Structure formats: structure tokens, C-alpha cells
Amino acid sequence: MKHLTSMAAGVLLGLSALPGAALAQASNASISIVREVDSDRYDPQRSTARAASEVLFMMGDTLVSLDHDMSTIKPGLATSWTASPDGKTYTFKLRNDVQFCDGKKLTAQDVVYSIKRWIDPATRSPVAWRAGKIEDVVATDDYTVEYKLKAPFSELLYQLTQSFAIILDKANVEALGADFGVKGFNGTGPYCWGEWKPRNEFRLKRHAAYKWGPPIYENTGPAHIEEVVWRIVPEENTRLAAAMTGQTQVTQYVPYSGMAQLRANRNLKLIESKEAFWTYFVGFKIDKEGVNDAAVRRAMVMAVDQKAIAENLYFGEVEPAYSYISTEALDWNKAVTPLKTNVAEANKVLDAAGWVKGADGFRSKDGKKLSPVVYGFTGSTWQKLMEAIQGDLRKIGVDLRIQLFDATIAWGKLATQEFDMFGMSFPYISAGDALNLYFPSANAPTPNRMNWKDAETDALLSKGMTALNDADRAAAYGEVLKKVHEAAVWLPLYHEPMKIAASARLAPFKAHNIYGCGLYKGLDLKFVR
């Protein structure tokens, strides 16, 4: 990075091709936000990509919202709520002044439709579990909703802050059919669907009537910025140059190699928050030949040098991960003993398991070469990560074959049974939030891409979800954590904090960590000089 100036000059030609790129911003007419990948669609209940949530939080609203501390629930579309003593019925009182982008007024019937669509098997939502085990959702009047559960769900309110719980317009969903979230979206958020060019850019227009933003913002609407332009720039050096030269005004997708330069640039500010849990890992599809051997999985985990990855690829800006979630997260089990890097021991494990090295240096057993296929996303992040992992695995005789796909294709590929391993990253706030996403048997083949199907795990997850006290919940989730770590179901890589590079001309704002979407609703974004 000593030659940042020349590097920036070299990529500016590419940057000039960005639609609407401008070196200066004279007003609040438009703001450019650069990111690495796109989503395959923008349907809240079917989209699990952070790229989808980033845009959806700006286009839609949820019943309740999450404060910047990632633990305090605040009003959203609901002004208040109560829970029954048995934890099975929540009653939400809605605002009566909310309208969709097309001007239609929001009522309790919209909430009922949205929640029921979320859990409808026909929707095929990979995150339906986040809604809880629903008995029924009913509108008792135009602005009151009763949310009835079959069993208590200790994290329901938190789940209802997520983008999956965004309230939809039934007429819009039904009119667009399979194109909902692809060709349009009529939401109640501070911004409205403008134009989406997949893998290129997404333009959002300000919702002029919006005035019901979460109370965590000083400005509850309308938004200050008239147009938000989310631009896709896969190359990390181009994203860095865009930030350094003012071609983009805000981004959380800057390479760690450029953090020192960003901090030293007087025209920029780096907004950081440690109140975030985001983990990168590679998962094993445990019923596929080769990686169905627990000894192979354990050896592969021990072969990868997470510390070297954190230091060499990310300049020490991330934390090496040996655990599946941060040890600071709620309900982490201190009894878990994560596997640490030990190449010599990894080779011994494979030797003992009967995997023999051939003349080419790679191992085989019963005539089958240990050559798993890993699926991941295109872009500099996963390209470099996969290559580092591939190099480490060669030290123990594993021939890792890498296949990367554009995000618009990758999510579909990752729902198949074609691969042996997969790269993924995810946000969470607690052990339960992470475990209930990835490890229930019912969540296979996605997001339980490991095909981890274990009755004891399912029983423990259910016990944790329905617990009425902290100790019982922590004990149940702790047992699951111990079980999956011992089975070496994942290869953890690193825990990532939140860091946003922003123009110094922007007013001060806080990074939000909900689902890793640092800008959340963007209501505090505005230029002051």
C-alpha cells in the first residue's frame, strides 16, 4: 500500500465507468454507497444475504426495532406491545399514520398477511423458524395484532427486528408473483424501489411521506438524502480507491490493507463499532464422501492457520476464529474446547484414519482421492480466503477444489447437494440466534447446508427456544455448541468487527450492527459541507 496514489490513479479509469460517479457531492440529492456483492432477489422472507437486508431495511419496516446497543428493543411500526404471562401471546399496537410507497395505508391486516406468508411452506422461507412456532396471528382491529405462539420463544422480539420480518403489501406481492423483490417492492420504509440493475447498482428514491422511523434516530423522517445508489464493485482495490478519492461517500466494504490510509485521510472518517458479531467459516456437508469422516474434518480444521489469515490477509483488523460464534456472545459455553491450528497433529489424525499420501502428495483411501469441492462467492474476499485455505490443506494432503459463483447464482447453488464444503459468513447476537439458523434438521438443505440431522440437537434447540429463564436457555444452547464443535462440522475462520469508511462531509452517525447492515435505515445520513 506504499503506492496508494499510483494504485488509485490506475483504477480511476474503472471507477469513472460507475454510473453517476462523481468526485464531489454538492447537496443531499444523492449518495453513493459501494459494496462487494449483490443479492439474488429482494424478498424479505426468502432472502438471507446481507446484501438483500442492506437494501430491505431502507425500503421496509418491522414491528419493532433494535437500538445501536444490539440488545434494547424499541418501537417500530408498533408503538407498544405486551406479552402474556405464559409467553405465548404478544399483542402489538400499531401506528395509524403509516403508508406504503404507493400511498396505501398500512393496517393490522398487512401485518397478519406478512407473518403468515413468512411461515407458509409455499414461501419456502429458509428463516421461517425466526417467526417462532405460531399458533395464529390475528387482527383484532385495524391497528391491533395478536401474535399467538404454540410455545414461548425467548428471542421473538429480537427476531421481529430483522429484515425477514418486514411488513409487506399483499397486493404488491400477489401482482408481481415470482417477480416480487426482483422487479419491484412496495414498502413502508424511508426509501422506495427505484431501479435495480443486477450486479451493477440499485437506486432508491426517498419516500417523501415517511415520518415513522425508529426512535433510535434523531431524524425519524423523511430521509435527508433524496436518492441512495448502492453500487456493486467486486474489486477491493477499486473500492478502496473509490473511498480515498471521493467516488463513493460511504462504504463498509473497504479492504483491511487500506485501513491505515483511511484513518490518515483527512477527507474521510472511519466509524467503528465492536458491538457486532459476524463470523466467517467453511462448512462441511457431513454426508458427502470424504468429509463424512469426522477424522478428515478435524484434521482439516487443524490444518488451517486462522492467525496467519487474520494477520496476512486482514492486517490484524479481524480476530482469528476457533469457535463457531464469538466467545463474547450471549450463551457461549465455556466448556467448549475449540480445535486449534496443529499441522503435525492433523497429519497424524489422517494417517491413523487410513488416508494415505500418494506420489502427488495428496491422500486417498480405498481408491478415493481426498479432493473435496468447496462452493463460495466471487469477489476478492472469498477468492483470497479460499486460496489461503487451499494452500493450508495441501500441507496435509487434501486437494481442495474451489468453485466460486456470483451472488445472484451462488445462493441457488448453495441450496443443492452438489458440493462437499461451502464458504459462508453470518451475523448473530446470541448462541441461540446462530444455532437455530444453521443446525435444526428441518433447515436442511438450506441454511443447514451441512445436512446435520440429529434428534438430540433438535430437542436441545427446542428446549433453548422455549426456556423461560436465562439459565435453562444457556444450558441447552451450550450443549449444542459443545456437540457441533466436537463433530467438527465447521471450519471457523475469523470474527469481523464493523468498520465504515465515510466522507468527512457527512454528518456524524453511528454504525448499526443489525444483520451486519451498518447503515440500517440511513435516516441519519446527510451532507453538512
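Everything numeric in this text was worked out from a predicted model, so none of it was measured.
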Would Y428 and Y324 count as a ring-ring contact (aromatic ring centres under 6.0 Å, His included) if you check the C-alpha gap in whole Å, the side-chain angles of each, and the deciding distance to 0.1 Å? CA-CA 11 Å; Y428 52 95; Y324 296 180; over 10 Å; no

Beyond-backbone contact of Y438 with F281, side-chain heavy atoms, under 4.5 angstrom: yes

Residue pairs, two or more places apart or on separate chains, that pass salt bridge (Lys or Arg N to Asp or Glu O under 4.0 Å) and touch residues 420-441: R130-D433, K288-D420

Which pairs, with at least one residue in residues 304-313 and sequence neighbours excluded, count as a salt bridge (Lys or Arg N to Asp or Glu O under 4.0 Å)? none

Distance-only polar pair, side chains of [X] and [Y], donor-acceptor under 3.5 Å:
X    : Y    : answer
N186 : D169 : yes
D287 : Q417 : no
T408 : D38  : no

Would the number of heavy atoms belonging to other residues, nucleotides or ligands and lying under 6.0 Å from CZ of R124 be above 12? no

Among W332, Y322, F439, whose ring-ring contact (aromatic ring centres under 6.0 Å, His included) with H485 holds? W332

Counterpart residues, side chain to side chain contact (heavy atoms under 4.5 Å, CB included), relative to E486 (two or more places apart): K482

Are F202 and Y42 an aromatic pair by the rule of ring centers under 6.0 Å? yes

Check the pair R117, D120 against salt bridge (Lys or Arg N to Asp or Glu O under 4.0 Å), reporting the backbone distance first and the verdict last. CA-CA 5 Å; R117 178 183 185 264; D120 186 344; over 6 Å; no

